[in-house]
Amino acid sequence: MKELVVAIDGPAGAGKSTVAQIVARKLNYTYIDTGAMYRAVTWAALKGSCSSENIEGVTQLLQRMDISLKYTEGQLQVCVNGENVTAAIRTPQISRSVSEYAKLPAVRQAMLIRQRQMADQGGVVMDGRDIGTHVLPDAEVKIFLTASIAERAGRRWRELKGKGFDTDLEQLTHEIAERDRMDSQREIAPLMQAPDAILVDTTGLTIDAVVETILLIYKERK
Ligand code: C5P
């Protein structure tokens, strides 16, 4: 039976990666976390003290950068040139800087090529900001996942607390809103709902309920 492409976009903390991973597992599809790829670029740039204004430096960095997304016991492992950066790309410092690098044309072009290659056989659930609009505009299933800013900030706060980061909720709310603003206002492939995407507001919904909703939409398209 033909395998479909599922695109899930939305703002920070809407629950995309949690939900996309479960949907992928249930469909026996590959999950591709494109945010992790932009985070990996940011990690490498910061490590090499390469600012987002140094376009030449970022371009060179991309040329020698191998990003791999692999699953070990159901957990996504992200490696940059063989180094495991899974935890390092989730720090507040990376979250604060990622949108500055993600708006650069060279970065977006390099990620676009890799993401399309990863999806070209179908059978993928890809999440991000521009999947339904730019990366995979022909995806059979397009979801735009969102939730109130209070709920999204609260989820991120609990997630960070669980990882041992002591973050101020008010500051985190501000940072998330700022990241959404930058992601929505950039020139290339901004965060927005594709005209043919279905809006799913996860405010007050359980993860199971969101997964069920997406699987129902998937079955309708199949
Ligand atoms: O999904 P996550 O919050 O990990 O994404 C981190 C950042 O990567 C986003 O805030 C955005 O700047 C960038 N991103 C993007 N396009 C995507 C996925 C992520 O610009 N498709």
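Just so you know, ligand 1 is whichever comes first in the structure, and atom 1 is the first atom listed for that ligand. The model shown is predicted, which means the values in this text are computed figures rather than measured ones. Note that the numbering runs from 1 along the sequence shown for the chain.
- Closest to atom 10 (O) of ligand 1 among all protein heavy atoms lies D183 OD2, 2.6 Å.
- In the vicinity of V98, heavy-atom distances shorter than 4.0 Å reach the ligand 1 atoms 6 (C), 7 (C), 8 (O).
- Backbone and side-chain nitrogen or oxygen atoms of R39 are examined, and one is located within less than 3.5 angstrom of a nitrogen or oxygen of ligand 1.
- For atom 16 (N) of ligand 1, the closest non-hydrogen atom of the protein is R108 NH2, 3.0 Å.
- Closest to atom 2 (P) of ligand 1 by heavy atom, among E100, K16, R129, is R129.
- Salt bridge annotation for R129-D183: present, with a cationic side-chain nitrogen under 4.0 angstrom from a carboxylate oxygen.
- For E100 and R186, the salt-bridge test fails: no basic side-chain N is under 4.0 Å from an acidic carboxylate O.
- Judged by distance alone, the side chain of D9 and the main-chain N or O of I131 form a donor-acceptor pair under 3.5 Å.
- The pair R179-E175 does not count as a salt bridge, with every side-chain nitrogen at least 4.0 angstrom from each carboxylate oxygen.
- Considering K103, R186, M111 only, the shortest heavy-atom separation from atom 20 (O) of ligand 1 involves R186.
- The pair E151-R155 counts as a salt bridge, with a side-chain nitrogen and a carboxylate oxygen less than 4.0 angstrom apart.
- The pair R39-D33 does not meet the salt-bridge criterion, since no charged nitrogen lies less than 4.0 angstrom from a carboxylate oxygen.
- Of all protein heavy atoms, the one closest to atom 18 (C) of ligand 1 is T34 OG1, 3.3 Å.
- Cluster membership check: I188 does not share its hydrophobic cluster with M192, using side-chain heavy-atom separations under 4.5 Å among Ile, Leu, Val, Met, Phe, Trp and Tyr.
- The G128 neighbourhood of ligand 1 comprises atoms 17 (C), 18 (C), 21 (N), with distances under 4.0 Å to a heavy atom of that residue.
- Atom 6 (C) of ligand 1 has R179 NH1, 3.4 Å as its closest protein atom, hydrogens excluded (heavy atom only).
- Near A102, meaning under 4.0 Å from any of its heavy atoms, are these atoms of ligand 1: 12 (O), 13 (C), 20 (O).
- Ligand 1 has no nitrogen or oxygen under 3.5 angstrom from a nitrogen or oxygen of Y38.
- Note: no N/O pair closer than 3.5 Å links D33 and ligand 1 by distance alone.
- By the criterion of side-chain heavy atoms lying less than 4.5 angstrom apart, applied directly or through intervening Ile, Leu, Val, Met, Phe, Trp or Tyr residues, Y31 is not grouped with L4; the two fall into different hydrophobic clusters.
- Protein heavy atom in closest approach to atom 21 (N) of ligand 1: D130 OD1, 2.8 Å.
- Between S99 and ligand 1, at least one pair of N/O atoms sits closer than 3.5 Å.
- Residues K142 and D127 are not paired through a salt bridge, judged by the lack of any N-O separation under 4.0 Å between the basic side chain and the carboxylate.
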